[in-house]
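Comments concern the structure below.
We use all heavy atoms of the structure for the numbers below, so side chains are in, but hydrogens, waters and symmetry mates are not. Just follow the structure's listing: the first ligand is 1, and inside any ligand the first atom is 1.
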Amino acid sequence: MAERIKINKLLCFDAAVDEVVVKGWVRTRRNSKGFSFIEVNDGSCLKNIQVIADDSLDNYDAIGRLTTGSAVAISGSLAESPGKGQKWEIHAKNIEIISIAPEDYLLQKKRHSDEFLRTIAHLRPRTNKYGAAFRIRSELSYAIHKFFRDRGFRYIHTPILTSSDCEGAGELFQVTTLDMGNVPCVDGKADYSADFFGKEAGLTVSGQLSAEMFALALGDVYTFGPTFRAENSNTSRHVAEFWMIEPEMAFCDLDKDMDIAEKMLKYLTGVVQENCAEDIELFAKFVDKELENTIENILSSDFERISYEEAVQILEKSKKKFEHEINYGKDLQTEHERYLTEKYFKKPVIVYNYPKDIKPFYMRLNDDNRTVAAMDILVPRIGEIVGGSQREERLDMLEARMKEMGMPLEDYRWYLDSRKYGSVPHSGFGLGFERLLMFLTGISNIRDVIPFPRTPKNIEF
Ligand code: 4AD
Ligand code: MG
């Protein structure tokens with residue numbers, strides 16, 4: 001067998017074949033007597049490959065003037081590198097210059113701030129940090145599908161255009177074809193019967209309600225797609241467009257729901273540790289010194305599970321001064337969530353059984369009549385990363401709750417049908433994909449883990 005030379009996961013050469021081809025972008029070039037040393041990166045991994053061009057090449061003059069950002073196709077032979085910092089280098093036999101980047105290219109070799117790079121989000125994937133982040137994003141996407149597929153879940157596509165606000169928080173982006181300069185009105189209100197769908201429509205805030213219909217048909221299912229929220233919160237953890245993973249399991253109660261969510265977080269963490277080691281090393285070095293500990297901590301700890309009531313007691317007893325006061329009946333704020341997971345338990349925490357009044361209509365009422373079978377997973381640095389629940393499967397209870405909340409039952413007939421015909425206990429959760437990425441890379445701003453972030457007053461690119 002010919003010896004295989006592994007440069008990185010994707011780049012693997014047969015040592016017996018003496019010609020290799022690399023197509024990529026110039027990161028740096030320096031000339032020395034008779035030679036040009038060019039660092040080329042093809043995006044497949046963090047490391048560049050060093051290319052040595054000698055002055056016998058026809059286009060050596062042009063090669064010697066190659067600028068950062070220029071695109072090249074190189075063929076040559078692979079040789080063990082005597083230099084420091086790389087094991088292999090390419091001795092070029094031919095360098096095709098595909099395009100020259102002018103000198104005003106913004107990504108010259110120096111460190112740029114995240115804020116600056118956000119203003120050139122179209123170029124930032126060419127930097128080490130963002131290249132690594134988006135390779136991890138890709139690896140995790142695949143791992144999510146693999147996790148579910150290996151466990152018999154079916155992948156379903158839930159609609160993006162919708163007429164129902166699943167979470168009931170009024171954060172639907174409206175979708176309309178009405179002329180905003182001349183909206184047809186009846187009694188001073190927009191007449192949606194004239195609109196494209198004949199009624200009010202928006203972008204989905206969650207695929208859950210549709211996923212439930214499929215869980216009650218196919219068993220265990222999941223969706224993984226974009227969701228939209230017109231939430232006017234300019235924080236480092238909110239974007240208006242984000243991706244959510246939403247499994248929905250039939251014949252499943254809250255305990256099993258928590259088990260699966262915990263298993264999934266551990267699995268995905270393991271995948272990143274195993275498959276993205278080089279990229280993770282970069283984040284551990286330059287972004288979050290604690291990252292490797294965080295990853296170990298997830299893998300080795302059993303997540304703490306406490307009721308909302310216990311959580312509130314812990315927070316009330318703590319001596320910490322919170323910006324938002326906490327007492328029974330109030331929703332936990334990020335500062336409370338972070339205290340529980342970072343300071344108190346020092347590991348991920350699952351908080352369950354929240355008061356019904358701070359949760360959406362679909363959650364199952366507990367026997368105490370005041371809490372619902374909800375669960376949130378809180379992790380260090382981020383706070384809430386997962387929100388889920390057992391669903392109210394009892395038709396009479398669900399209808400009563402919806403009436404209590406003033407919801408129009410006729411709009412939800414299809415949803416209620418699932419409780420009327422063959423209803424079963426079922427549960428699910430939503431994992432925020434960008435929050436997961438923040439957690440596993442140490443990146444502190446959600447705008448830096450999604451290719452083109454959408455936030456209030458910002459829809460560039
Ligand atoms: O807790 P949420 O609102 O739950 C639901 O949407 C349920 N329907 C899920 C289900 O049970 N199928 O959102 C779930 C997760 C949050 O825990 C958070 O990680 C993420 O989605 N998330 C956001 N991520 C980024 N930007 C935002 N504006 C987010 N809002 C929620
Ligand atoms: Mg939530």
Side-chain angles (χ1 to χ4, degrees), residues 140 144 148 153 156 158 162 164-173 203-215 220-250 252 254 257-258 260-261 264-265 268 308 331-334 336-337 341 348-352 354-355 358-364 372-379 381-392 415 426-440 443 445-450 453-456 458:
L140 270 176
I144 284 158
F148 287 124
F153 283 66
I156 54 161
T158 52
T162 183
S164 71
D165 178 0
C166 166
E167 299 304 305
E171 291 165 349
L172 230 58
F173 277 102
L203 299 176
T204 187
V205 294
S206 160
Q208 179 194 321
L209 303 189
S210 319
E212 282 186 56
M213 302 305 106
F214 278 77
D220 297 340
V221 300
Y222 70 103
T223 75
F224 177 15
T227 42
F228 308 86
R229 294 191 186 179
E231 214 172 345
N232 204 359
S233 34
N234 234 323
T235 78
S236 59
R237 285 175 313 279
H238 290 89
V239 269
E241 177 181 83
F242 62 99
W243 284 63
M244 188 156 44
I245 299 108
E246 294 185 276
E248 191 68 36
M249 286 93 47
C252 175
L254 189 69
D257 196 35
M258 294 194 261
I260 294 180
M264 179 176 184
L265 283 177
L268 296 175
Y308 165 86
D331 209 356
L332 302 183
Q333 302 293 323
T334 304
H336 306 127
E337 295 171 342
T341 172
V349 182
I350 312 184
V351 179
Y352 58 87
Y354 283 73
I358 55 172
K359 289 292 183 187
F361 76 98
Y362 53 72
M363 296 189 177
R364 192 179 196 277
V372 286
M375 66 99 174
D376 277 4
I377 304 188
L378 320 177
V379 295
R381 280 188 34 249
I382 312 290
E384 178 190 338
I385 196 166
V386 165
S389 67
Q390 182 167 344
R391 321 305 189 190
E392 184 55 83
Y415 186 71
H426 60 287
S427 305
F429 62 85
L431 165 63
F433 191 44
E434 285 72 25
R435 299 225 179 139
L436 176 72
L437 276 158
M438 289 170 73
F439 184 54
L440 293 178
I443 289 177
N445 196 316
I446 196 163
R447 293 166 180 78
D448 299 336
V449 295
I450 187 163
R454 274 77 179 90
T455 50
N458 172 33

Quiz item: Should Asp376 and Lys359 count as an ion pair when the cut-off is N to O under 4.0 Å?
Solution: yes
Quiz item: For ligand 1, which part of Glu434 has a heavy atom less than 4.0 Å away: the side chain, the backbone, both, or neither?
Solution: neither
Quiz item: Taking all non-hydrogen atoms of both residues, which atom of Ser389 and which atom of Tyr362 are closest, and how far apart?
Solution: OG-CE1, 3.7 Å
Exercise. Kindly identify the option in Gln208, Arg435, Arg229 whose heavy atom sits closest to atom 2 (P) of ligand 1.
Key: Arg229
Exercise. Starting from atom 5 (C) of ligand 1, locate the nearest protein heavy atom and write down its residue, its atom name and how far away it is, to 0.1 Å.
Key: Glu167 OE2, 3.4 Å
Quiz item: Going by the order shown, which atoms of ligand 1 are within less than 4.0 Å of some heavy atom of Ile446?
Solution: 25 (C)
Practice problem: Classify the contact between Met438 and ligand 1 as side chain, backbone, both or neither, using a heavy-atom distance cut-off of under 4.0 Å. | Solution: neither
Exercise. Please confirm whether Glu212 comes under 4.0 Å of ligand 1, counting heavy atoms of the residue only.
Key: no
Quiz item: Does Val386 reach the side chain of Met375, with side-chain heavy atoms less than 4.5 Å apart?
Solution: yes
Quiz prompt | Numbering as shown, the atoms of ligand 1 that approach Gly432 to under 4.0 Å (heavy-atom distance) | solution = 15 (C), 19 (O), 20 (C), 21 (O)
Self-check item: For ligand 1, the portion of Tyr362 having any non-hydrogen atom under 4.0 Å away
Solution: side chain
Practice problem: May I ask you to check if ligand 1 and Ile385 share an N or O to N or O distance below 3.5 Å? | Solution: yes
Quiz prompt | Whether Thr227 side chain and Phe242 backbone form a donor-acceptor pair below 3.5 Å | solution = yes
Quiz prompt | Nearest neighbour in protein (non-hydrogen) for atom 12 (N) of ligand 1 | solution = Glu246 OE2, 2.8 Å
Quiz item: Hey, which atoms in ligand 1 end up nearer than 4.0 Å to a heavy atom of Arg391?
Solution: 10 (C), 11 (O), 12 (N)
Quiz prompt | Where Glu171 and Asp165 come nearest, the two heavy atoms and their spacing | solution = N-OD2, 3.8 Å
Exercise. Look at atom 26 (N) of ligand 1 and say which protein heavy atom is nearest, naming residue and atom and giving the distance to 0.1 Å.
Key: Val239 N, 3.1 Å
Exercise. Would you mind finding which of Ala374, Gly430, Ala261 brings a heavy atom closest to atom 15 (C) of ligand 1?
Key: Gly430
Quiz prompt | Min side-chain heavy-atom separation Ile245-Met264 under 4.5 Å | solution = yes
Quiz item: So is Ser206 polar-close to ligand 1, meaning N/O to N/O under 3.5 Å?
Solution: yes
Quiz item: With distance as the sole test, does Ser427 use its side chain to make a donor-acceptor pair with the main-chain N or O of Cys252 at under 3.5 Å?
Solution: yes
Quiz item: Is the distance between the Mg ion (ligand 2) and the nearest N/O/S atom of Glu384 smaller than 2.8 Å?
Solution: yes
Quiz item: Looking only at distance, does Leu431 have an N or O less than 3.5 Å from an N or O of ligand 1?
Solution: no
Quiz item: What is the nearest protein non-hydrogen atom to atom 17 (O) of ligand 1, stated with its residue, atom name and distance?
Solution: Glu384 OE2, 2.6 Å
Quiz item: Testing Ile446, Val379, Ile385 for side chain to side chain contact (heavy atoms under 4.5 Å, CB included) with Met438, which one passes?
Solution: Ile446
Exercise. Check the pair Thr455 / His238 against side chain to side chain contact (heavy atoms under 4.5 Å, CB included), numbers first and verdict last.
Key: CA-CA 8 Å; Thr455 50; His238 290 89; over 6 Å; no
Quiz item: Do any N or O atoms from the side chain of Ser233 and from the backbone of Thr235 form a donor-acceptor pair under 3.5 angstrom?
Solution: no
Quiz item: Heavy atom under 4.0 Å from ligand 1: found in Phe242's side chain, backbone, both, or neither?
Solution: side chain
Quiz item: Quick one: does Glu248's side chain have a donor or acceptor within less than 3.5 Å of a partner on Ala215's backbone?
Solution: no
Self-check item: Location of contacts on Arg237 toward ligand 1, heavy atoms closer than 4.0 Å
Solution: backbone
Practice problem: Measure the CD1-CZ distance between Ile350 and Phe429 for me, rounded to the nearest 0.5 Å. | Solution: 9.5 Å
Self-check item: contact_flag Phe228 ligand 1 heavy-atom lt 4.0 Å
Solution: no
Practice problem: Specify side chain, backbone, both or neither for Asp376, according to which of its non-hydrogen atoms lie closer than 4.0 Å to ligand 1. | Solution: neither
Quiz prompt | Close side-chain approach of Arg435 to Arg381, heavy-atom, < 4.5 Å | solution = no
Practice problem: Could you say whether the N/O atoms of Glu231 and ligand 1 ever approach to under 3.5 Å? | Solution: yes
Quiz item: What protein heavy atom sits nearest atom 14 (C) of ligand 1, and how far away is it?
Solution: Met244 SD, 3.3 Å
Self-check item: Any side-chain heavy-atom pair of Leu431 and Leu265 under 4.5 Å
Solution: yes
Quiz prompt | Polar proximity ligand 1 side, Gly388 side, N/O cut 3.5 Å exclusive | solution = no
Exercise. Would you confirm whether the ring centroid of Tyr222 sits within less than 6.0 angstrom of the ring centroid of Phe148?
Key: yes
Self-check item: Under 3.5 Å: N/O of His238 near N/O of ligand 1
Solution: no
